[in-house]
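Keep in mind that the numbers below use all heavy atoms, side chains included, and drop hydrogens, waters and symmetry copies. Per chain, numbering begins at 1; letters A, B, ... match sequence-line order.
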2 protein chains.
Amino acid sequence: MAAQSTDAKIIAAFSDLALKYGYQGTTTKKIAETAGVNESTIFRHFKDKRTILERIINDYLDDVDQVGQNFQHSGDIVTDLQRVADIYNEFVQHHKVVFLVGVRESYQFPEVGKALQKLPVRFVSLVKNNFTKMQAEGEIRADIDTDSEAANFVLMNFGNAVFTFSYQTAKMAIPMTSFKSENVQAFAAHLKTH
Amino acid sequence: MAAQSTDAKIIAAFSDLALKYGYQGTTTKKIAETAGVNESTIFRHFKDKRTILERIINDYLDDVDQVGQNFQHSGDIVTDLQRVADIYNEFVQHHKVVFLVGVRESYQFPEVGKALQKLPVRFVSLVKNNFTKMQAEGEIRADIDTDSEAANFVLMNFGNAVFTFSYQTAKMAIPMTSFKSENVQAFAAHLKTH
DNA sequence: TATGCATGCAAGTGCTTGCTTGCATAATAT
DNA sequence: ATATTATGCAAGCAAGCACTTGCATGCATA
């Protein structure tokens with residue numbers, strides 16, 4: 001294990017705790033314990049607690065405008081939507097602190113709420129463009145409303161992500177492999193030209 | 001406006017604030033101000049802050065096992081799913097405090113998390129039963145996987161509910177009328193026998 | 001060897017939180 | 001009329017919070 005910088009240790013501890021207890025429930029004392037660092041050290045590295053979150057948000061902001069940018073259009077609707085679901089899921093997992101704080105505590109962090117809004121916007125347009133292309137190719141039906149379908153698909157992925165985080169302890173969450181092979185597959189099959 | 005009992009005023013104030021600021025962000029001082037009641041009065045009516053929430057959870061629990069019980073099967077898939085979406089939405093609106101605290105702060109309230117899990121379970125089975133019946137009637141396709149379709153529909157409604165609450169200030173939320181006439185309609189149309 | 005930097009440690013500060021207490025007052029029920 | 005009940009009010013308490021400060025210590029660099 002590579003030696004972690006103090007900054008990194010603090011951010012890792014903060015992230016761990018924020019997932020479990022939320023931002024408000026994450027105290028600087030607990031961050032210090034978890035990071036194996038003195039509490040005062042935290043404030044030598046970060047002006048205040050909020051600044052730790054802001055650093056994490058900045059990482060997210062660096063990524064969000066590029067997500068799905070290198071998406072590979074396969075020509076098959078099922079494959080494509082499964083890829084999109086994967087990209088969405090990986091992005092959310094990678095930025096789960098921002099995602100969860102945004103969903104849970106955006107009333108405290110308008111900035112996080114605003115930042116998070118970019119996600120559905122980007123994915124809806126990604127999916128919608130894909131649908132339009134596939135309609136032209138004759139892969140999917142011409143008579144569908146691409147706006148509604150794209151919104152539905154993103155809502156489904158969003159719902160699944162929130163559901164997974166909220167209920168992961170309860171074994172109710174759908175494993176990603178099943179979500180793709182069953183749920184996404186079922187959704188995609190309906191769009192296919194027949 | 002009918003004179004509200006002190007209990008009711010406190011619960012109403014708590015609910016208002018919990019929606020805006022979450023449970024942790026709802027202080028007894030603010031509850032008192034909002035309810036127009038002295039802070040000490042709160043503790044004469046409720047053992048502690050948590051008990052206020054518990055009262056609200058009990059109301060939810062009284063309802064959740066009966067939701068959708070009097071659902072009227074119309075025979076038309078679009079109509080039926082629109083009705084289900086309505087029932088889901090009304091239930092969530094009516095119990096939004098439990099819904100939101102459950103989504104946001106279930107790590108603090110395992111009881112709320114557990115209580116909330118009943119919702120998707122109930123709706124999935126409601127929708128699935130409906131699908132099975134409609135397949136027998138020839139209204140919807142026989143070759144669909146009713147489990148996946150029901151899960152997708154509930155995920156979509158859940159996602160939309162969370163999304164609406166999180167982003168209602170940002171004008172990004174989908175109005176319920178559009179959600180029904182466009183999103184639900186698109187979903188349902190795919191299931192129909194052709 | 002000397003200098004600077006990052007950290008630990010211990011103490012503490014001011015604020016907010018949930019919650020309590022004792023007493024005065026007014027309305028309500030008997 | 002008397003007793004009971006509900007409330008307001010003011011003060012306060014213990015705990016937890018984010019954050020600060022001063023000093024000692026070790027480590028790396030010059």
Side-chain angles (χ1 to χ4, degrees), chain A residues 1-58 97 100-101 104-112, chain B residues 1-58 97 100-101 104-112:
Chain A
M1 185 161 52
Q4 248 181 331
S5 76
T6 302
D7 271 42
K9 282 193 283 187
I10 293 170
I11 289 184
F14 175 93
S15 300
D16 258 25
L17 295 164
L19 291 181
K20 284 189 211 145
Y21 310 117
Y23 175 86
Q24 285 201 69
T26 298
T27 67
T28 52
K29 195 178 176 182
K30 276 197 262 175
I31 298 172
E33 280 168 23
T34 307
V37 141
N38 194 273
E39 197 178 347
S40 61
T41 298
I42 294 174
F43 296 99
R44 292 195 183 106
H45 285 253
F46 300 89
K47 179 174 151 284
D48 52 24
K49 184 180 152 188
R50 198 177 187 110
T51 307
I52 309 179
L53 218 210
E54 266 156 28
R55 273 271 277 281
I56 297 175
I57 296 173
N58 285 340
V97 176
L100 277 178
V101 172
R104 291 168 174 167
E105 285 157 291
S106 57
Y107 46 87
Q108 268 197 90
F109 300 104
E111 4 144 22
V112 187
Chain B
M1 187 160 51
Q4 249 181 331
S5 75
T6 303
D7 271 43
K9 281 193 282 186
I10 292 170
I11 289 184
F14 175 93
S15 301
D16 257 26
L17 295 165
L19 291 181
K20 283 188 211 146
Y21 310 117
Y23 175 85
Q24 285 200 69
T26 298
T27 68
T28 52
K29 195 179 175 182
K30 276 198 262 175
I31 298 172
E33 280 167 23
T34 307
V37 142
N38 194 273
E39 196 179 346
S40 61
T41 298
I42 294 174
F43 296 98
R44 294 195 183 105
H45 285 252
F46 300 89
K47 179 173 152 285
D48 53 25
K49 184 181 152 188
R50 198 177 188 110
T51 305
I52 309 178
L53 218 210
E54 267 155 28
R55 274 270 277 282
I56 297 176
I57 296 173
N58 286 340
V97 175
L100 278 177
V101 173
R104 290 169 174 167
E105 285 158 291
S106 57
Y107 48 85
Q108 268 198 89
F109 300 103
E111 4 144 21
V112 187

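Using a 4.0 Å heavy-atom criterion, one finds that Ser40(B) contacts the bases of the nucleic acid, with or without backbone contacts as well.
The side-chain heavy atoms of Phe43(B) and Thr28(B), taken from C-beta on, include a pair separated by under 4.5 Å. With a 4.5 Å cut-off on side-chain heavy atoms, Glu105(B) and Gln24(B) count as touching. Side-chain atoms of Glu39(A) and Glu33(A), non-hydrogen and from C-beta on, never get closer than 4.5 Å to each other. Between Arg50(B) and Glu111(B), the closest side-chain pair of non-hydrogen atoms falls below 4.5 Å. Under the 4.5 Å side-chain criterion, counting only non-hydrogen atoms from C-beta, Thr27(B) is not in contact with Tyr21(B).
What separates CD of Glu33(A) from C1' of dC17(D) is a distance of 14 Å, to the nearest Å. Lys47(A) places its NZ atom 8 Å from the P atom of dC19(D), with the value rounded to the nearest Å. Summarising the geometry, the separation between CD on Gln108(A) and C1' on dC17(D) is reported as 13 Å, rounded to the nearest angstrom. Spacing between atom CZ of Phe43(B) and atom P of dA6(D) amounts to 18 Å, rounded to whole angstrom units. Note: CG (Asn38(B)) to C1' (dA6(D)) measures 12 Å, nearest angstrom. If you measure from atom CD of Glu39(B) to atom P of dG8(D), you get 12 Å, rounded to the nearest angstrom.
Without hydrogens or angle criteria, Thr26(A) side chain to Phe14(A) main chain gives no donor-acceptor distance under 3.5 Å.
At a cut-off of 3.5 Å, with distance as the only test, a side-chain donor of Ser40(B) or Asn38(B) sits close to an acceptor on the other residue. A donor and an acceptor atom, one from each side chain of Thr51(A) and Asp48(A), are located under 3.5 Å apart.
Residue Ser15(A) comes nearest to Ile56(A) through the heavy atom pair OG-CD1, 3.6 Å, listed as atom of the first residue, atom of the second, then distance.
Where DNA chain C meets chain A (any atom under 4.0 Å from a heavy atom), the bounding nucleotides read 5' to 3' are dT7(C) to dC9(C).
Annotation: the terminal axes of the helix from dT1(C)-dA30(D) to dT30(C)-dA1(D) meet at 10°, where each axis is the rotation carrying the C1' atoms of four end pairs onto the next four (5 pairs per end, rounded to 10°).
Checking Asp48(B) against Arg44(A), the closest nucleotide of DNA chain C that is more toward the 5' end is the one next to Arg44(A).
Against DNA chain C, the stretch residues 10-31 of chain A makes no heavy-atom approach under 4.0 Å.
Between Phe46(A) atom CZ and Leu53(A) atom CG the span is 11.0 Å, to the nearest 0.5 Å.
Tyr23(A) carries Lys49(A) over the face of its six-membered ring, with the cationic atom under 6.0 Å from the centre and within 45° of the normal.
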